[in-house]
Amino acid sequence: MILPPAFYERDTVAVAGDLLGCLLVHREAAGTTMGWIVETEAYLRDDPAAHSFRGETARNRAMFGPAGHAYVYRIYGLHTCVNIVTGQEGVGEAVLVRALEPVAGIELMRERRGTDDPLALCSGPGKLTQALGITMSLDRTSLSEGPLQVRSPGSLPGRRPEGWPGEVVQTTRVGITKAADLPLRFYLRGSRYVSRR
DNA sequence: GGTGAGATTATCT
DNA sequence: GATAATCTCACCG
């Protein structure tokens, strides 16, 4: 089932952990792509590494909007990353989706990524947006109603991500310079599809 | 298997 | 003008 807004209107760290094993789905004319979420990072209020830390701007406006909507941004001038807004509206917290295990639409992912290696299709925040065709046009769209959706574990009877249910590793976030010591990254220990172990 | 440089641009100082 | 929640490829060992 599609996760309702109430799922996201909770403690951001709890949501970041609970998103592991959920399904990220993008439905579009070119086809539907989807993958199990196997790695996330939490970005909190009063967190110097969060884009919302210095207040609302045109770029980070989604983070201050309703939970359960997407915050999509461009990084290093060329890659796109997707976050899920969490917690109370106006606070500015979100969860970065860092890696997926590909589930469907894999041929489309291969074309977009230019590789056949299943481990390289979605094993990073910039990779998975390229594989799923997630663009800036999805910024501030609802993940409960729009073309980009998140579905609960068990949405695909008989199928489950590698290493799930299983141990969730909590460790430090990747690629940041501020608050780099906080353990706000989560991934499935048994999955080969995470960005780094 | 690991490290480092370069790509490339929106955003904020 | 510097920075940035990344990726790829070249090069080294």
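Values reported hereafter were calculated over all heavy atoms of this structure, with side chains retained and with hydrogens, waters and symmetry mates removed. Below, chain A is the first sequence line, B the second, and so on; all start at residue 1.
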What is the distance from [atom1] of [X] to [atom2] of [N], rounded to the nearest Å?
{"X": "A:Leu44", "N": "C:dA5", "atom1": "CG", "atom2": "C1'", "value": "13 Å"}
{"X": "A:Arg173", "N": "C:dT6", "atom1": "CZ", "atom2": "P", "value": "11 Å"}
{"X": "A:Tyr187", "N": "C:dA5", "atom1": "OH", "atom2": "C1'", "value": "18 Å"}
{"X": "A:His79", "N": "B:dA10", "atom1": "NE2", "atom2": "P", "value": "15 Å"}
{"X": "A:Tyr71", "N": "B:dA10", "atom1": "OH", "atom2": "C1'", "value": "11 Å"}
{"X": "A:Asp139", "N": "C:dA5", "atom1": "CG", "atom2": "P", "value": "16 Å"}
{"X": "A:Tyr76", "N": "B:dG4", "atom1": "OH", "atom2": "C1'", "value": "14 Å"}
{"X": "A:Leu78", "N": "C:dA4", "atom1": "CG", "atom2": "P", "value": "16 Å"}

- Donor-acceptor pair under 3.5 Å: do we get one between A:Tyr73's side chain and the base of C:dA5? yes

- Item | Pair A:Thr86-A:Thr12, side-chain donor/acceptor within less than 3.5 Å | yes

- Query: Side-chain donor-acceptor pair under 3.5 Å between A:Arg113 and A:Gln130, yes or no?
  - Reply: yes

- Between A:Glu145 and A:Arg27, does at least one N-O distance fall below 4.0 Å, as a salt bridge requires? no

- Query: Salt bridge or not for A:Asp47 and A:Arg173, using N-O below 4.0 Å?
  - Reply: yes

- Given C:dA5, is OP1 or OP2 found less than 4.0 Å from the side-chain N or O atoms of A:Lys178? no

- Is there a ring pair (Phe, Tyr, Trp, His ring centres under 6.0 Å) between A:Tyr43 and A:His51 once you walk through the steps? CA-CA 8 Å; A:Tyr43 286 87; A:His51 287 174; 7.3 Å; no

Dump the pairs, protein N or O against N or O of nucleotides 11-13 of chain B, anything under 3.5 Å, distances to one decimal.
{"unit_1": "B:dC12", "atom_1": "OP1", "unit_2": "A:Thr57", "atom_2": "OG1", "d": "2.3"}

- Within the structure shown, what part of the strands sits under 4.0 Å from A:Arg113 by heavy-atom distance: base, sugar-phosphate, or nothing? sugar-phosphate

- Item | A:Ser52 side chain reached by A:Phe64 side chain, heavy atoms, under 4.5 Å | yes

- Quick one: salt bridge (Lys or Arg N to Asp or Glu O under 4.0 Å) pairs with a partner in residues 33-42 of chain A, sequence neighbours left out? A:Glu39-A:Arg98, A:Glu39-A:Arg185, A:Glu41-A:Arg98

- Using the ring of A:Phe7 (Phe, Tyr or Trp, six-membered ring only), decide whether A:Arg10 places NZ or CZ under 6.0 Å from its centre and within 45 degrees of its axis. yes

- Query: How does DNA chain C look in dot-bracket notation if pairs are Watson-Crick or G-U with both distances under 3.5 Å, crossing ones as [ ], other-strand ones as |?
  - Reply: ||||.|||||||.

- A:Val85 and A:Tyr8: same hydrophobic cluster, using ILVMFWY side-chain contacts below 4.5 Å? no

